[in-house]
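When reading the values below, keep in mind they use all heavy atoms of this one structure, side chains included, and skip hydrogens, waters and symmetry mates.
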Number of protein chains: 2
Amino acid sequence: MSWELHHVDVVIAGSPKPESVPVSWLKPGTTIINCSSDLLSGRQSLNNTTENAVCSLAVAIRMQNMVKNTERWIHSQQLRKWDLHCLKLQPLSPVPSDIEISRAQSPKAVDVLAKEIGLLTDEIEIYGQTKAKVRLSLLERLKDQPDGKYVLVAGITPTPLGEGKSTVTIGLVQALTAHLKINSFACLRQPSQGPTFGVKGGAAGGGYAQVIPMEEFNLHLTGDIHAITAANNLLAAAIDARILHENTQSDKALYNRLVPVVKGVRGFSSIQLARLRRLGINKTDPETLTEEEISRFVRLDIDPSTITWQRVVDTNDRFLRKITIGQANTEKGFVRQAQFDIAVASEIMAILALTTSLEDMKERLGKIVVANDKKGEPVTAEDLGVTGALAVLMKDAIKPTLMQTLEGTPVFVHAGPFANIAHGNSSILADKIALKLVGEKGFVVTEAGFGADIGMEKFFNIKCRASGLVPSVVVLVATVRALKMHGGGPSVSAGAPLKKEYTEENLQLVADGCCNLQKQIQIAQLFGVPVVVALNVFKTDSPAEVDLVCKIAKQSGAFDAVPCNHWSDGGRGAVKLAQAVEKAANQKSSFKYLYSLELPIAEKIKTIAQKVYGAQDIELSPAAQSQIDRYTRQGFGKLPICMAKTHLSLSHQPEKKGVPTGFILPISDVRASIGAGFIYPLVGTMSTMPGLPTRPCFYDIDLDPVTEEVKGLF
Amino acid sequence: MSWELHHVDVVIAGSPKPESVPVSWLKPGTTIINCSSDLLSGRQSLNNTTENAVCSLAVAIRMQNMVKNTERWIHSQQLRKWDLHCLKLQPLSPVPSDIEISRAQSPKAVDVLAKEIGLLTDEIEIYGQTKAKVRLSLLERLKDQPDGKYVLVAGITPTPLGEGKSTVTIGLVQALTAHLKINSFACLRQPSQGPTFGVKGGAAGGGYAQVIPMEEFNLHLTGDIHAITAANNLLAAAIDARILHENTQSDKALYNRLVPVVKGVRGFSSIQLARLRRLGINKTDPETLTEEEISRFVRLDIDPSTITWQRVVDTNDRFLRKITIGQANTEKGFVRQAQFDIAVASEIMAILALTTSLEDMKERLGKIVVANDKKGEPVTAEDLGVTGALAVLMKDAIKPTLMQTLEGTPVFVHAGPFANIAHGNSSILADKIALKLVGEKGFVVTEAGFGADIGMEKFFNIKCRASGLVPSVVVLVATVRALKMHGGGPSVSAGAPLKKEYTEENLQLVADGCCNLQKQIQIAQLFGVPVVVALNVFKTDSPAEVDLVCKIAKQSGAFDAVPCNHWSDGGRGAVKLAQAVEKAANQKSSFKYLYSLELPIAEKIKTIAQKVYGAQDIELSPAAQSQIDRYTRQGFGKLPICMAKTHLSLSHQPEKKGVPTGFILPISDVRASIGAGFIYPLVGTMSTMPGLPTRPCFYDIDLDPVTEEVKGLF
C-alpha cells in the first residue's frame, strides 16, 4: 500500500515520550496494526502506550481503513467499464509529421491513466511523467478474473515500406476505447534504437494513431533493451574469460580460486552446489572432492569453435559484423573470430518476450546454451554460474511499460525480439496483464512482426503455446499498394518514388494481387481463428479499389473486411474495424496448433513449409541435418520451430510475389535458442546487424537546449 | 505545475454543451486562465461560456491559486532548515553485510524526500519508489539564492583496498543532517556495472553509511551509463560507416545521398548548413555548389590510423581490449584494429560530469575530436552530423538522480568518469543543484576519486575551473592501515589476508607513514583550502594509534583531525567530524588554482609533477612531445591538464610508498578530450577495460524469484 499519511506519533516501548515514526512501521507484525479497524480494539491491544499515542494511532488506523476501502472499491471496479478520460483529437489536413502530432497532444499523467484502468498504487513504478512499469503481482491479484478477448494484428506479405500493422493496432484500440467505450489495450514491441538513428523507422504507429510521447517510446523507454544488452554481454564476457582462465591454470589453481578460503573457511556457493549436483557429485565439503571430481568441477572445456553466443549493441554498427577478439597481450594469444548483433537479436530478448514469471525467466536464462564442450555436450549459462546475475540485471525489464495512445487509451510496450531468428512478438506478460485489466468484455490487441506467414504462425505455434492463451480474432492488414505489387506491379523500394501503378487506379493489379491476401486468410484459418481484413487506406486508393479488396477478402473466407482511416483520422477512422472485430470475437473460435511438438524437427519444418508457405518440400543442407541430429541427441527435439525466412515473399525468394508454388525450401542451417525455447532453421542468410546508410536519419535529429524538445525524429 | 485537479467542464467555442477538458488546457495562452485569481475577472474575460462552465472554472482557478500559494510557500522555505524526517538506525554488532543493512531499512518514498528538501512537484521525475531525476530548471528558480558550503572529500594515497572516502562522504552527511540538523547533501559518482559483477566493489558507501537501496545504486540506476554507451557507440559507428561510404562512392554519389531530393526539393539540413559555414562556403542552395565545394563538403577524409574514438560496453570484457573490426565481406576489406573501453571511460561520461547546462553539453558533444583528417586537422562529432542525436540520447542523463542515505538524508548520484584518463569527480550539475537546495548555511559534500594528489588536484584545477564554484573545506580521509603501509609495512593486496603489522598496534609504522598524510595536507594547502583529516577507524586500530595520527595531522597543518566510526555506527559515528567540518567552513578560504591555463602544455604538466607529486622534473617521450605540438597547433593548448597516473603512489611507480622524491616523471603519450575540455598525459599505460577474474563476484549474486530480493551483492 502507498500511504497518504507518512508519520504518526507513538510511544515506543521503553521510550519516555512519543516519537514520530513512519506509518510503515505500523504494518502487520506490530501489535498496534493488528488491532483491526476501530480505536477501541486498537487501545485494547496496546501496551506501553499513552492516551496521546492512541489518539494519534486512531488517525493512522482511520487512514489505513480509508485506503483499504478504496482498494476494495478499485478491486470491485475491475470488471466494469473504465471511466477513462479520453484525449480529444482534432486531426489536421495534410497530416503533420509524427513527432509534430505527438508533441501537439498533452498526455495524461501516467499515474492518472493507471488509476483509470484499475491499477493499484503499489502495482506501478513511475518512470517520469508518461511511463510506468507494472508489477507482475497484479496477475496474482486478478487471477480469478476471466480474460478479455485476445486479438492478433498480422499482415499480408508486405512491401519493403511496411503496410501499417502498428498503426492499425493503435487505431483499433483508439476506436474501441475512445469511440465505442469498450475497454481495450494495445500491446506493442519496443523498437531498437539502432534503426531510430539509422534508417527512418520508428514503431510507435504513425499519423493520428500513435503512442505518445513518441520520442520516449523510440528512445531509452524504461531501459529494458539496455538491461538485455548488459545481461547478454556479461554472459559473453564470462565465456571468453572462463576459457582463458581454464587454459592458463592447473586444476588445483582453478579450484583454489573458484572455491577460496574465506576467513579460514572454504565453501561452495549455491550456484556451485547446483553444478556439483548436475555433475552427479553429491558432496558439499570442498575438502572431500577427489582429483578427478575437482577436474570435472573446474573445467567446462568449452570448444571455442562452437560458441554461438554473440555480443550485442543497440546501434547499427556494421563494422562489428565480423571481428577478431582477444588480440591484446593480456589474452595470451587466445584470439577468435566473433561478431556483434543488434541488441534486440539477443536470445535474452526472446526470453523476455516468452517468459511467464520471474521464476520462469530465471530458469530460461540458466538454460541458455552458449557452446558445446569438447565432448559435444551443451554448455549453459548455468554452468558458467551467471544465472543469478542475469536475473538480477533483468529484474525490472520483466515488468511491462505502460504508455498511452494519442487518444489517452492504455498501451503496453514490452520486448521486441527479431522476427526472423526469433519470433517477433511482444511479451506474453504484457498480454496476460492486459487481458486481466480489460476484463471479460474487453479487448487486448497485440501485433506480430512481418507477414502472417511468419509473425502469425510463430504467434500461434510458439507464443500461444508458451502462454496457453487462446486468440479470438486475427486482424489481417492489407494495403492496395502491396496487393498491386503482388498482382505484378513494379518493384517498390525504400527511398525511391512510387511508380504510377501505385498512385493511379488499377483494378486489374489489385484483383490479381488479392491471391496473397487470400492465402494469408487461409493460413489463419488453418489455426481455426476468424479473420477480419483491415484495409489500410491511402489517399491515392480509389473507392473502386477499396471495394474490390473488401469484396474479394470476404469471398476468400474473411469474417469481414473493412477500410480504415485511422492514420488521418485517429480512432474515428477505425470504428468500423472495431465493430467488425467485436462481432468476430463473438464467433466460435476453434483454435488449434499447426503441428505437434512430438514430431521430429524436420517434420515440423516441413509442415510449416508446406502448409503455410506453400512449398512442395524442404531441402536440408548437410550442416542443417547434422545440427538437427545434434539437437535431437541433446534432448532439444521437442521444441517448437521458429523459421528465419524473408518476410518479402511467402517463399524464400524475396522477389517472388503473390503466391509462389512448387518451390523447394532450402534450409541452410539450423540453430537453437534453448532458453527462449525454440529451434530456428535458417532459410538463407539473416543479417543480425544493420548498418548506417550514407545519410543516416541522425542528420535530422536535434535537441532544442532551451525547450528540451526533440526535433526531426520521423 | 502539477495539478491536483485533472479535468473541468467548460464550454468550448462553437460547442453546444459543457465538455470535460484537462485542466492543462487552461494554461497561459487561453483567455480563461489569464483572468488572474478571482471568479469575477474570470467571468469578464470569458466569451462563449455559460454560467455552468464559469462555476466549474471557479473550482479550477481556486485550485490553481492554492497550488500557486503552496508553491510560494515552498519557495519561501528554501532558505530554512529542512523539516526532514530522518530514518532511525539501530546498528548491529558485528556489522552485517552491506546488502543486509540496506535491505533492513525502509527508504522513504522519493517524492516525500523531494518535498522535504524543497523540490517542487514539477522539478522531479520519479523512477520507481526510491529514485528521481531532478530537472535543471531548479537552477533558474533559485538562481538568486546564495550557495551552501562546498566540501570535498579526498584521501591519502590508498592501499589497493581503498580507505573509505565514499563511506566518509555518506557518514558526514548523515551526521550533519540527521544528528546536527544542518541541511546537507552528498554528491556521489555512479558506479560502473562492470566491477559490480567482476571484482567485489560497489560505491554506495558501506556498513551503516550507505546509499539505499544499494542494489538500485549499483545496477542500472536511471540509465545514465546506458545512455552514454548508446551515444558513444552511435558516434563510433558513424565514424567507420562514413569512412566506408567515402571510400566506395564518388563525390557526386555521396552528394546525392547526403543531400537527396525529397518530394522534388533538395535542401541542406541545419547540421549540414553549419558544416558549410565551417568550411567557409556561404551557400544555402544545394544546386549552386561547385565541384570543388561539393568535394570538400562530402569528404571528411578521416585518416583511420588517427582514430582515437573507441567503442564502449559497461561490462568487464577483457577480450575486447584489442580487436580487429570490419572483417565481414560487406565492409569490403576496410578492416582496422580497434578496442572497447568500459563505458565510464567514455569522454561522454567526462562531458556529463563537467557540463553546466543542456546547451553547454550539446556544444561539448559537438566539439569531441574523434580523429584527424589526412591533412592533420581534427575531425569532430559535429563534422559527422551527430551532435543533435548525441544530445537527444543524453537528454535525460543530464538530470542528477536523487536517492537517500540509510538515515533518510538526500544524495545525488550523477556521472562517474574514470579517475586516470578522466577527472574522476561526480557532476558539476549535481553539486550546483545541491548547493542551492541546502541553502546558505547548508553543506554539500562531494567526493574525488583516488588520492588527493590526483582526484583533489583535478577537482580544483579542472572541475572547479569549469564550474566557477569555490570549495570551503577539504576532508582528507586516512586509515591507520594505509599509513602503516606508507611507513614501511608489508604490501597489501586484495584477496590476501592482512599481515599482523596491520592487525596489531605498531606506533612506529604509523608515525613513519604519516609523511604521506602530511604531504597530502600540504597539497590541499597549495590551493588555499582548510583541511580536516577524517581518520576512518577500524576495529583493529589501537587508541594510541588513533591519537598519534590525529596529533601528527594537526601538527602538519590540518585545521582538525577526527576519528570516525560511521561504518559501524552510522551518522552518530561522524558527528565530531561534522562539527569540525562546520568550524573549518567558517575559516577564511583563499582558494586559488595551481597553474594558469595560459602556460604551455608542458609547463602545466611540469607544475603538477613538481608541486603536487614531488617530482624533480618530467620527461616527455617523442610521441608525447609530438602530440603536444599537434594539440598546440590545433588550438587546444589552453586546456587544463588531466594526469593519467597510478593512484597507488605519489610517483608513477605504484610500489613507491610514503613520499617519493627526486624522481623524473615519464610522460609516455599525451591525448586529449576536447569535448570534456582537457589534455591527458599518460604516465605509463592505463587499462581502460577491466577483466573478469577466475571467480567473478557474480558467483554469489542471485535473485529470489518470489520476494524479488537481490542476494549476494557485496
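Within a 6.0 Å radius of CD in Glu359(B), no more than 12 heavy atoms belonging to other residues, nucleotides or ligands are found. In Asp83(B), the CG atom is not crowded: 12 or fewer heavy atoms of neighbouring residues, nucleotides or ligands sit closer than 6.0 Å.
We find that Lys362(A) and Asp702(B) are joined by a salt bridge, their nearest charged nitrogen and carboxylate oxygen being less than 4.0 Å apart. Checked for salt-bridge contact, Lys395(A) and Glu216(B) meet the test: a charged N lies under 4.0 Å from a carboxylate O. Using a cutoff of 4.0 Å between basic side-chain nitrogens and carboxylate oxygens, Arg318(A) and Asp240(B) are not scored as salt-bridged.
Counting heavy-atom pairs closer than 4.5 Å to chain A, the top-ranked of the candidates Val261(B), Ile325(B), Val259(B) is Ile325(B). Ranked by heavy-atom pairs under 4.5 Å with chain A, the list Gln249(B), Lys133(B), Gln339(B) is led by Gln249(B). Across Ala236(B), Ala227(B), Gly223(B), the residue that shares the most heavy-atom pairs under 4.5 angstrom with chain A is Ala227(B). For the set Arg257(A), Glu708(A), His245(A), the entry with the most heavy-atom pairs within less than 4.5 Å of chain B is His245(A). The candidate with the highest count of non-hydrogen atom pairs below 4.5 Å against chain A, out of Pro693(B), Gly691(B), Pro696(B), is Pro693(B). Listed options Leu234(A), Leu254(A), Val313(A) were ranked by heavy-atom pairs under 4.5 angstrom with chain B; first place goes to Leu234(A). Per-residue heavy-atom pair counts under 4.5 Å with chain A were compared for Met361(B), Arg311(B), Arg336(B), and the maximum is reached by Arg311(B). Among the candidates Leu320(A), Asp704(A), Thr694(A), the residue making the largest number of heavy-atom pairs closer than 4.5 Å to chain B is Thr694(A). Note on Ile225(A), Ile271(A), Val710(A), Leu692(A): by heavy-atom pairs under 4.5 Å with chain B, the leading option is Leu692(A).
The closest side-chain heavy-atom distance from Leu258(A) to Tyr699(B) is below 4.5 Å. Side-chain contact between Asp317(B) and Asn233(A) is absent, with no heavy atoms from C-beta onward closer than 4.5 Å. Using a 4.5 Å heavy-atom threshold, the side chains of Leu244(B) and Phe319(A) count as touching. Two residues are said to be in side-chain contact when any heavy atoms from C-beta on lie closer than 4.5 Å; Leu393(B) and Gln193(A) meet this criterion. Between Gln272(A) and Arg695(B) there is a side-chain heavy-atom pair separated by less than 4.5 Å.
In this structure, the portion of Phe340(B) lying under 4.5 Å from any heavy atom of chain A is its side chain and not its backbone. In this structure, the portions of Ala238(B) lying under 4.5 Å from any heavy atom of chain A include both its backbone and its side chain. For a residue to count as touching a neighbouring chain, one of its non-hydrogen atoms must lie under 4.5 Å from one of that chain's; by this rule Arg135(A) touches chain B with the side chain only. Contact of Pro497(B) with chain A is not made at all, since no heavy-atom distance falls under 4.5 Å. Heavy-atom distances place no part of Lys332(B) under 4.5 Å from chain A, backbone and side chain included. Neither the backbone nor the side chain of Asp360(B) comes within less than 4.5 Å of any heavy atom in chain A. Neither the backbone nor the side chain of Leu390(A) comes within contact range of chain B; no heavy atom of the residue lies under 4.5 Å from a heavy atom of that chain.
Counting all heavy atoms, side chain and backbone alike, Leu358(B) lies closest to Pro705(A) at CD2-O, 3.6 Å. Annotation for Ala230(A) and Thr315(B): closest pair O-OG1, 4.5 Å, computed over non-hydrogen atoms.
A donor-acceptor contact closer than 3.5 angstrom links the side chains of Thr330(B) and Arg321(A).
The closest donor-acceptor contact from the side chain of His220(A) to the backbone of His226(B) lies at 3.5 Å or more, if one exists at all. Between the side chain of Gln327(A) and the backbone N or O of Thr324(B) there is at least one donor-acceptor pair closer than 3.5 Å.
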Start with the C-alpha gap between Gln129(B) and Ile126(A), add the side-chain angles, then the distance that decides, and say whether side chain to side chain contact (heavy atoms under 4.5 Å, CB included) holds. CA-CA 8 Å; Gln129(B) 307 295 307; Ile126(A) 302 218; over 6 Å; no
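Aromatic ring orientation, Tyr127(B) versus Tyr127(A): tilted (interplanar angle from 30° to 60°).
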